[in-house]
Enquirer: 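Please read through the structure below; I'll follow up with questions.
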Amino acid sequence: MAKKKHAKPHEEENGEAWLLPYSDLMTLLLALFIALFAISQTDQKKMADLAQAFTAAFNMGGPSFFDKAGPNVGRRAELMSDEDLGNQAYLSENMQLEELQQKMQAYIEENNLEEQLSTQLAEEGLMIRIKERALFPSGSAQLVGQARSIVPVVAGMLASLPERVVISGHTDNVPINTAQYPSNWELSASRAMNLMKAILAADKSLNPARFSAIGYSEYRPIADNKTDAGKQQNRRVEIFIARNYRFNPDEPVAGKKVTQPDTGADGMPTQGNNAAPATPSTNGAASSNMATTSF
């Protein structure tokens with residue numbers, strides 16, 4: 001009688017043995033990438049929730065990897081911005097700028113300079129406007145007259161603050177074409193530069209790295225150039241003290257309502273110059289009815 005041929009053992013079990021370690025490896029890799037992502041974040045609450053979820057899911061006992069995990073300090077320092085400092089820094093800086101504006105207003109009133117100097121405190125910073133006739137002869141960038149008394153006062157006030165200062169020159173739309181000033185660009189830039197140099201020379205404690213000068217020619221008017229009165233207002237030099245901090249709307253502050261600033265590449269305000277200044281208030285708006293104390 002012929003013997004039955006037995007079939008070879010089924011190798012299915014041996015062929016699928018790799019699935020178990022493979023699935024374990026994929027689970028561990030997933031856990032690793034989730035953990036790395038969580039560590040890179042700065043939200044402590046989310047990190048704690050994630051650690052609790054993993055501990056409950058794996059329930060493996062022993063010390064947890066997440067016990068020593070935390071935010072990446074180097075990454076947090078890289079991402080830190082002024083808003084991270086909270087609104088307290090903003091409010092402190094705003095108070096300093098308001099005090100400086102009040103000093104400037106007192107100086108103006110004491111010296112009857114209301115027609116020549118004005119200030120405006122806004123979200124972008126504090127603006128000090130000086131009309132042409134208080135500093136320069138017509139068509140010239142040579143500092144004369146009241147500049148000798150105004151410049152030291154402004155320099156002393158700026159020395160009490162750490163903020164960046166931008167000095168800008170402005171003209172009306174009447175063309176100029178002289179050997180020294182071929183256009184209003186050269187005239188406005190020279191006026192800004194000469195005033196900046198005079199301020200730095202008046203107080204040696206000022207850090208030149210804080211200062212910059214720029215000429216805008218006739219292209220940032222604050223009044224209508226069709227009238228003589230408007231042209232007189234447009235012929236000016238502006239000293240802009242830029243804020244270091246911005247208000248964080250996500251951090252509520254009672255009694256404060258602040259809008260986002262509208263600034264150009266140089267940090268100076270690009271809109272709102274034509275609006276009539278309001279009286280100083282706690283919301284950061286300020287008037288051009290200056291006030292300042294003399295030094």
Side-chain angles (χ1 to χ4, degrees), residues 101 104-105 108 111-151 154 158 164-199 211-242 259 261-278 285-290:
Q101 186 190 29
M104 193 70 204
Q105 183 176 348
I108 292 170
N111 294 273
N112 298 319
L113 296 174
E114 290 87 347
E115 296 298 322
Q116 300 182 49
L117 276 74
S118 64
T119 64
Q120 183 178 0
L121 181 59
E123 181 60 14
E124 303 89 354
L126 176 61
M127 180 78 76
I128 302 175
R129 289 193 176 100
I130 310 176
K131 289 186 178 180
E132 173 196 57
R133 59 182 180 180
L135 300 174
F136 308 102
S138 179
S140 172
Q142 184 68 35
L143 288 166
V144 296
Q146 291 173 311
R148 297 179 182 178
S149 59
I150 295 174
V151 168
V154 173
L158 295 178
R164 180 170 55 90
V165 179
V166 180
I167 301 177
S168 58
H170 303 261
T171 68
D172 57 25
N173 63 348
V174 177
I176 185 174
N177 186 7
T178 65
Q180 190 173 9
Y181 308 112
S183 72
N184 284 328
W185 286 109
E186 286 81 5
L187 177 60
S188 62
S190 295
R191 286 179 170 177
M193 182 69 70
N194 289 347
L195 180 58
M196 182 186 70
K197 289 180 179 179
I199 290 175
F211 288 77
S212 59
I214 188 169
Y216 283 116
S217 186
E218 67 209 60
Y219 298 105
R220 288 203 178 183
I222 58 174
D224 193 347
N225 275 312
K226 295 180 180 180
T227 65
D228 291 338
K231 290 178 180 178
Q232 289 181 8
Q233 293 186 54
N234 291 331
R235 296 193 297 266
R236 69 198 190 277
V237 177
E238 295 179 341
I239 302 172
F240 177 67
I241 305 169
T259 57
D262 184 9
T263 60
D266 56 2
M268 296 187 66
T270 57
Q271 294 181 357
N273 286 345
N274 295 335
S287 79
S288 60
N289 298 328
M290 339 241 114

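Small disclaimer: the values here were computed from a predicted structure and weren't measured.
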Enquirer: Any sub-3.5 Å donor-acceptor pair from Asn111's side-chain atoms to Leu113's backbone N or O?
Expert: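 Side chain of Asn111 to backbone of Leu113: no pair is present.
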
Enquirer: Would you find a donor on one side and an acceptor on the other, under 3.5 Å apart, between the side chain of Gln233 and the backbone of Gly230?
Expert: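 Here the side-chain-to-backbone pair does not exist.
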
Enquirer: Hey, what do you get for CD1 (Ile167) to OG (Ser212), rounding to the nearest 0.5 Å?
Expert: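 Those atoms lie 8.0 Å apart.
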
Enquirer: Which residues pass the side-chain contact (heavy atoms from CB on, under 4.5 Å) test with Ser188, not counting sequence neighbours?
Expert: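 Checked Ser188 against side-chain contact (heavy atoms from CB on, under 4.5 Å); matches are Thr171, Ser217.
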
Enquirer: If we ignore hydrogens and angles and just use 3.5 Å, is the side chain of Asn234 paired with the main-chain N or O of Ile222 as donor and acceptor?
Expert: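 Flag set: sc Asn234 to bb Ile222 pair under 3.5 Å.
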
Enquirer: Just verifying a value: how many Å separate Arg164 CZ and Ile241 CD1, rounded to the nearest 0.5 Å?
Expert: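 If I round to the nearest 0.5 Å, the distance is 11.5 Å.
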
Enquirer: Heavy atoms, side chains only, cut-off 4.5 Å: are Leu187 and Thr178 in contact?
Expert: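 When only atoms from C-beta onward are counted, Thr178 and Leu187 do not touch, as no gap falls below 4.5 Å.
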
Enquirer: What's the shortest heavy-atom distance between Asp172 and Asn184, and which atoms?
Expert: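 In this case the closest contact between Asp172 and Asn184 is O-ND2, 3.4 Å.
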
Enquirer: I want to check something: taking the side chain as every heavy atom from C-beta on, are Lys231 and Asn173 in contact at a cut-off of under 4.5 Å?
Expert: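 Side chain of Lys231 against side chain of Asn173, heavy atoms only: contact under 4.5 Å found.
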
Enquirer: Nearest heavy-atom pair of Glu124 and Phe240: which atoms, and what distance?
Expert: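 Glu124 and Phe240 have their closest heavy atoms at O-CZ, 3.5 Å.
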
Enquirer: For a quick test of reading the model, state the closest non-hydrogen atom pair linking Ser190 to Tyr181 and the distance between them.
Expert: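 Smallest interatomic distance, heavy atoms only, reads OG-CE2, 3.6 Å.
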
Enquirer: Just wondering, do Ile239 and Ile199 contact through their side chains at under 4.5 Å, heavy atoms?
Expert: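 Yes - at least one pair of side-chain heavy atoms lies under 4.5 Å apart.
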
Enquirer: About how many Å separate CG of Leu121 and CD of Glu123, when rounded to the nearest 0.5 Å?
Expert: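 Between atom CD of Glu123 and atom CG of Leu121 there are 9.0 Å.
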
Enquirer: Do any side-chain atoms of residues 135-147 form donor-acceptor pairs under 3.5 angstrom with protein atoms, and if so which ones, sequence neighbours left out?
Expert:
unit_1 : atom_1 : unit_2 : atom_2 : d
Ser140 : OG     : Gln142 : N      : 3.0
Gln146 : OE1    : Gln116 : NE2    : 3.3

Enquirer: Nearest 0.5 Å, please: how far is CZ in Arg191 from NE2 in His170?
Expert: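 His170 NE2 to Arg191 CZ: 11.5 Å, rounded to 0.5 Å.
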
Enquirer: Roughly how far, to the nearest 0.5 Å, is CG of Leu117 from CZ of Arg236?
Expert: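 Nearest 0.5 Å value for the CZ-CG distance: 13.5 Å.
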
Enquirer: With side-chain contact (heavy atoms from CB on, under 4.5 Å) as the criterion, how do Glu238 and Gln120 come out once you've worked through the C-alpha distance, each side chain's angles and the decisive distance to 0.1 Å?
Expert: CA-CA 11 Å; Glu238 295 179 341; Gln120 183 178 0; over 6 Å; no

Enquirer: Taking atom NZ of Lys131 as the centre, report whether more than 12 heavy atoms of other residues, nucleotides or ligands fall under 6.0 Å from it.
Expert: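 Result for NZ/Lys131: enclosed.
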
